[in-house]
Amino acid sequence: LNSVSAALGTEVTNRYIIDIPLAGRNTANLSFLAPGTTEVPGMGIDMLGGTTFTSNGQRYATAEFRQDGALISAPEGGEGSNTSVKYSPLVETVEEFKIQTNSFSAEFGSNGGTVVNMVSKSGTNEFHGSGWYFFQRPKFDANSFFANREGEGKGDYKHDQYGAAVGGPI
């Protein structure tokens with residue numbers, strides 16, 4: 001119980017961020033871990049350039065993204081427009097992810113929707129790194145219920161995503 005603040009939100013640690021299967025390795029998709037957050041109908045989860053979720057009945061285009069306290073999103077560009085996220089950090093570089101859905105403190109006074117805060121990993125005295133390779137092939141996936149019912153195949157597709165992150169003393 002927090003007797004100092006009435007802010008509601010969900011905090012996600014680095015270990016969970018790395019271990020969770022995350023479509024497209026997009027950190028904005030971590031927003032769906034918060035209770036009351038849902039996808040906007042007609043918008044895909046991997047839609048680029050904006051926020052495709054709504055929380056607690058608020059308008060979907062009013063989310064604000066911050067990294068280490070700095071604003072990394074631009075506000076909506078008019079009625080029916082989207083909040084545009086200008087920078088999406090690598091999953092491996094995020095130490096903590098917090099989404100606040102209401103009762104914001106004064107530092108978030110310019111926002112009427114959801115606030116997403118990401119904290120970067122801090123420095124270290126030793127070199128460290130990580131590498132990843134994610135792939136998707138039809139032979140490893142199950143067919144959908146409806147495709148099975150109609151006797152349709154899984155399709156022919158390939159998805160490869162790979163990269164590396166290295167850190168150490170400067």
Side-chain angles (χ1 to χ4, degrees), residues 1-40 43-132 134 161 163-170:
L1 181 63
N2 186 352
S3 60
V4 179
S5 171
L8 291 177
T10 300
E11 204 167 292
V12 182
T13 62
N14 177 262
R15 186 78 255 157
Y16 191 76
I17 292 171
I18 290 175
D19 289 344
I20 190 169
L22 194 57
R25 308 287 290 162
N26 184 351
T27 51
N29 292 342
L30 293 169
S31 304
F32 292 101
L33 295 174
T37 303
T38 185
E39 187 176 5
V40 175
M43 299 181 90
I45 191 170
D46 287 327
M47 193 172 195
L48 298 175
T51 56
T52 61
F53 63 88
T54 182
S55 61
N56 297 337
Q58 299 166 0
R59 266 190 77 222
Y60 74 89
T62 57
E64 180 177 280
F65 281 76
R66 292 178 173 261
Q67 181 164 5
D68 298 327
L71 194 61
I72 59 171
S73 62
E76 63 175 310
E79 186 62 35
S81 194
N82 231 355
T83 300
S84 180
V85 180
K86 301 297 184 183
Y87 170 72
S88 183
L90 292 173
V91 174
E92 280 70 24
T93 64
V94 176
E95 179 66 32
E96 187 179 292
F97 182 94
K98 183 174 184 180
I99 178 169
Q100 288 179 257
T101 55
N102 67 359
S103 300
F104 309 119
S105 64
E107 67 184 302
F108 307 119
S110 62
N111 182 30
T114 306
V115 176
V116 177
N117 275 310
M118 291 178 269
V119 178
S120 301
K121 287 183 179 178
S122 60
T124 181
N125 291 330
E126 298 178 11
F127 285 101
H128 62 276
S130 62
W132 62 90
F134 297 99
Q161 192 169 14
V166 179
I170 296 178

Heavy-atom count check: over 12 atoms from other residues, nucleotides or ligands less than 6.0 Å from Phe134 CZ? yes

List the atom of Thr37, the atom of Phe32, and the distance in Å for their closest heavy-atom pair. CG2-CA, 4.2 Å

Look at Lys98 together with Glu96 and state whether they make a salt bridge at an N to O cut-off of under 4.0 Å. no

Could you work out, with side chain to side chain contact (heavy atoms under 4.5 Å, CB included) as the rule, every residue matching Pro89, not counting sequence neighbours? Thr27, Gln67, Tyr87, Thr93, Val94, Met118

Once rounded to the nearest 0.5 Å, what's the spacing between atom CG of Asn14 and atom CD of Glu92? 8.5 Å

Given Thr114 and Ile99, is the side chain to side chain contact (heavy atoms under 4.5 Å, CB included) satisfied, shown in steps? CA-CA 7 Å; Thr114 306; Ile99 178 169; 3.4 Å; yes

Minimum heavy-atom distance between Ser73 and Ala63, given as atom pair plus value: OG-O, 4.3 Å

For the atom pair CD (Glu64) and CG (Asn117), what is the distance rounded to the nearest 0.5 Å? 8.0 Å

Interatomic distance, CZ@Arg15 vs CD1@Ile20, rounded to 0.5 Å, equals 12.5 Å

Non-hydrogen atoms of Phe65 and Leu71 that approach each other most closely: O-CD1, 3.6 Å

Please name all residues satisfying side chain to side chain contact (heavy atoms under 4.5 Å, CB included) with Thr38, sequence neighbours left out, ordered by chain then number. Thr54

Step-by-step side chain to side chain contact (heavy atoms under 4.5 Å, CB included) determination, Tyr16 to Leu33: CA-CA 11 Å; Tyr16 191 76; Leu33 295 174; 3.7 Å; yes

